[in-house]
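Below is one structure; the comments refer to it alone.
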Amino acid sequence: MPLLIFEVIEGRSEAELKTLLDAAHRAVLSAFEVPQRDRYQIVHENKAHHMVIEDTGLNLTRTRDLVVVRVITSPRAEEQKQRFYADLSRELKESCGIESSDLMVSITTNSKGDWSFGNGVAQYLTGEL
């Protein structure tokens, strides 16, 4: 169950955000092989001056199309992570016109006991999931 949190510069339309989220979900489905309805996404819109995302010396050009994606998930194989980065980059380029230089991703892992989907229960631990 990956939880994706998107940090973007304010100004995208509702339709543009939906397209971005749909593209990201296709990448999650492909790379992490989760069920179709295993979809948890949050968008934070920020003023441009609230996001300072430099290029760590990689000579990347950032624009107002910048998207930072934080992924919180159970442990994933390195191959899955690499596939996700590539699939997400391709999906955002094809569907949204976002260049790969405007995409930054960070994956944080946790364990099954770190999730409750509701009702005050850790469903992975109780066997409900």
Side-chain angles (χ1 to χ4, degrees):
M1 189 283 332
L3 168 63
L4 277 68
I5 303 167
F6 300 81
E7 301 288 347
V8 300
I9 295 172
E10 63 188 0
R12 286 181 168 93
S13 69
E14 185 176 336
E16 289 170 321
L17 289 172
K18 181 182 182 328
T19 299
L20 185 145
L21 296 179
D22 290 347
H25 189 58
R26 287 191 297 274
V28 167
L29 292 173
S30 171
F32 296 151
E33 300 175 356
V34 299
Q36 178 72 32
R37 287 185 45 88
D38 199 354
R39 184 172 181 171
Y40 301 89
Q41 301 171 315
I42 300 168
V43 175
H44 293 153
E45 294 185 275
N46 304 280
K47 295 182 183 314
H49 65 276
H50 288 177
M51 293 182 68
V52 177
I53 310 296
E54 296 187 354
D55 67 359
T56 315
L58 297 173
N59 295 317
L60 301 172
T61 301
R62 308 288 196 193
T63 72
R64 290 187 61 82
D65 289 338
L66 176 66
V67 178
V68 176
V69 183
R70 292 182 285 155
V71 181
I72 304 167
T73 187
S74 57
R76 303 287 174 177
E78 295 300 319
E79 296 81 17
Q80 286 182 306
K81 293 176 191 177
Q82 295 281 345
R83 183 172 177 191
F84 176 69
Y85 302 143
D87 288 352
L88 181 61
S89 180
R90 179 184 42 76
E91 285 284 353
L92 293 184
K93 173 66 174 165
E94 291 176 2
S95 299
C96 308
I98 296 171
E99 297 295 333
S100 60
S101 58
D102 269 329
L103 174 63
M104 181 178 160
V105 181
S106 176
I107 296 178
T108 302
T109 59
N110 58 19
S111 65
K112 294 189 179 285
D114 295 322
W115 295 99
S116 172
F117 297 88
N119 297 328
V121 176
Q123 287 84 356
Y124 281 131
L125 298 181
T126 64
E128 294 175 68
L129 287 176

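Only a predicted model underlies this, so the values are computations on that prediction, with no experimental measurement involved.
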Donor-acceptor pair, side chain of [X] and main chain of [Y], under 3.5 angstrom:
X	Y	result
Asp102	Thr63	yes
Gln123	Gly118	yes
Ser101	Arg62	no
Ser89	Tyr85	no

What are the two closest heavy atoms between [X] and [Y], and how far apart are they?
X	Y	answer
Gln41	Leu21	NE2-O, 2.9 Å
Glu10	Arg64	O-NH2, 3.6 Å
Ala24	Phe6	CB-CZ, 3.5 Å
Arg12	Asp65	NH2-O, 2.7 Å
Lys112	Tyr124	CB-CB, 3.5 Å

Problem - Heavy atoms of other groups near Glu14 CD, more than 12 under 6.0 Å - result: no
Practice task
Inspect the surroundings of CE in Met51 and state if more than 12 heavy atoms from other residues, nucleotides or ligands are less than 6.0 Å away.
Solution key: yes
Would [X] and [Y] show up in the same hydrophobic cluster when neighbours are defined by side-chain heavy atoms closer than 4.5 Å?
X	Y	result
Leu88	Val8	yes
Phe32	Val105	yes
Val67	Ile9	no
Ile53	Val69	no

With sequence neighbours excluded, tell me which residues meet side-chain contact (heavy atoms from CB on, under 4.5 Å) with [X].
X	answer
His44	Ile5, Glu7, Ile42, Asn46, Arg70
Ala23	Arg26, Glu91, Leu92, Ser95
Thr61	none
Asp38	Met1, Pro2, Val34, Pro35, Tyr40

Working to the nearest 0.5 angstrom, can you tell me the gap between [X] [atom1] and [Y] [atom2]?
X	Y	atom1	atom2	result
Glu78	Ile107	CD	CD1	8.5 Å
Leu3	Trp115	CG	CH2	5.0 Å
Leu60	Met104	CG	CE	10.5 Å
Leu4	Arg39	CG	CZ	10.0 Å
Glu128	Asn119	CD	CG	7.5 Å
Arg37	Leu29	CZ	CG	12.5 Å

Practice task
Not counting sequence neighbours, list each pair that qualifies as a ring-ring contact (aromatic ring centres under 6.0 Å, His included) and has a residue in residues 87-106.
Solution key: none
Exercise for the section: Taking atom types as modelled, find out whether Asp114 and Ser111 have a side-chain donor-acceptor pair closer than 3.5 angstrom. Expected result: yes
Exercise for the section: Find out whether Val43 and Leu20 are in side-chain contact, i.e. whether some heavy atom of one side chain is under 4.5 Å from a heavy atom of the other. Expected result: no
Practice task
State which residues pass salt bridge (Lys or Arg N to Asp or Glu O under 4.0 Å) with Glu99; sequence neighbours excluded, sorted by chain then number.
Solution key: Lys93
Handout entry: Result of checking Arg83, Arg90, His25 against Ser30 for side-chain hydrogen bond (donor to acceptor under 3.5 Å, both in side chains)
Key = Arg83
